[in-house]
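Got a structure for you, questions after.
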Amino acid sequence: HYRCRSAFKLLEIDDKLRVLRPGFSVLDCGAAPGAWSQVAVQRVNALGTDAAVPTGFVLGVDLLRISPLEGAVFLSETDMAEPSTLRAIQSLLPLGKADVILSDMAPNATGIKELDHQKLISLCLGLLDMSQSILKPKGTMLCKFWDGSEARLLQNRLKEQFQDVRTIKPQASRKDSAESYYLARLYRGK
Ligand code: SAM
């Protein structure tokens with residue numbers, strides 16, 4: 001039982017493209033109510049349920065409160081756009097680093113399409129800046145965006161920093177026509 005239908009988007013992406021592996025450390029941005037974190041806990045073996053493979057780690061962050069979830073650590077009422085959040089994240093991730101950064105973040109929609117688009121793009125760009133400090137070389141970033149004039153800018157920034165960048169439109173988000181994801185793999189690091 002998942003906390004939200006959004007789980008099926010991540011399951012679909014992960015079944016097709018294998019983003020999450022046992023033993024991985026995952027940062028889940030915009031994690032409330034926690035469905036993606038539920039998927040991540042299973043796929044990285046964060047509970048150590050499968051003794052034959054490595055045990056992973058899941059850290060979820062959201063502006064809202066997130067109910068506790070076995071196998072995950074949550075930073076509730078925390079703004080990813082706030083500079084002090086980086087230190088909090090670093091102190092909770094094992095060795096301060098993540099193999100995968102997930103972002104299903106979405107700002108409160110104003111209904112003004114272009115404005116909502118820009119707000120989400122700037123959240124993603126901020127996350128990309130933060131990834132310099134926390135993402136392992138060859139790491140992965142998966143981020144939601146709403147289509148619009150600045151999507152190409154985000155895509156180009158991702159291409160500078162990752163070897164492989166693709167656009168994904170999961171079946172499970174078909175009804176939300178403006179929503180897509182960038183999957184950026186093989187982080188070049190610094
Ligand atoms: N992936 C989640 C799940 O499966 O349960 C659903 C995420 S929901 C679509 C988007 C979330 O992004 C909201 O809970 C919202 O509070 C969060 N969010 C938006 N802006 C944020 C920010 N600046 N920092 C942290 N979280 C943010």
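Note that ligands are numbered from 1 as they come in the structure, with each ligand's atoms numbered from 1 the same way. Remember, predicted model here, so these are calculated numbers, not experimental data.
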(message) Counting non-hydrogen protein atoms only, what is the nearest one to atom 7 (C) of ligand 1? Give residue, atom name and distance.
(response) Gly30 O, 3.1 Å
(request) Among all protein heavy atoms, pick the one closest to atom 24 (N) of ligand 1 and tell me residue, atom and distance. (result) Met80 N, 2.9 Å
(request) Name the closest protein heavy atom to atom 2 (C) of ligand 1, giving the residue it belongs to and the distance to 0.1 Å. (result) Ala32 O, 3.5 Å
(message) What protein heavy atom lies closest to atom 26 (N) of ligand 1? Include the residue and the distance to one decimal.
(response) Leu63 N, 3.4 Å
(message) What's the separation between atom OG in Ser6 and atom NZ in Lys144, rounded to the nearest 0.5 Å?
(response) 7.5 Å
(message) Between the side chains of Asp129 and Arg157, is the shortest nitrogen-to-carboxylate-oxygen separation below 4.0 Å, so that they form an ion pair?
(response) yes
(message) Tell me whether Asp104 has any N or O atom under 3.5 angstrom from an N or O of ligand 1.
(response) yes
(request) Using a strict cut-off of 4.0 Å, indicate which atoms of ligand 1 neighbour a heavy atom of Asp79. (result) 22 (C), 23 (N), 24 (N)
(message) Counting non-hydrogen protein atoms only, what is the nearest one to atom 14 (O) of ligand 1? Give residue, atom name and distance.
(response) Asp62 OD2, 2.8 Å
(request) Check for a donor-acceptor pair, side chain of Asp14 on one end and backbone N or O of Val19 on the other, with a separation under 3.5 Å. (result) yes
(request) Would you kindly say whether Gln118 and Glu114 are connected by a side-chain donor-acceptor distance under 3.5 Å? (result) yes
(message) Out of all atoms in ligand 1, which are within 4.0 Å of some heavy atom of Leu64? Include the element for each.
(response) 14 (O), 16 (O)
(request) Could you check atom 19 (C) of ligand 1 against the protein and tell me its nearest heavy-atom contact, residue, atom and distance included? (result) Ala106 O, 3.2 Å
(message) So, regarding Met105 and ligand 1 (criterion: nitrogen or oxygen to nitrogen or oxygen, under 3.5 Å), is there a contact or not?
(response) no
(request) Would you mind checking which non-hydrogen protein atom is closest to atom 4 (O) of ligand 1, with the distance to 0.1 Å? (result) Ser6 OG, 2.6 Å
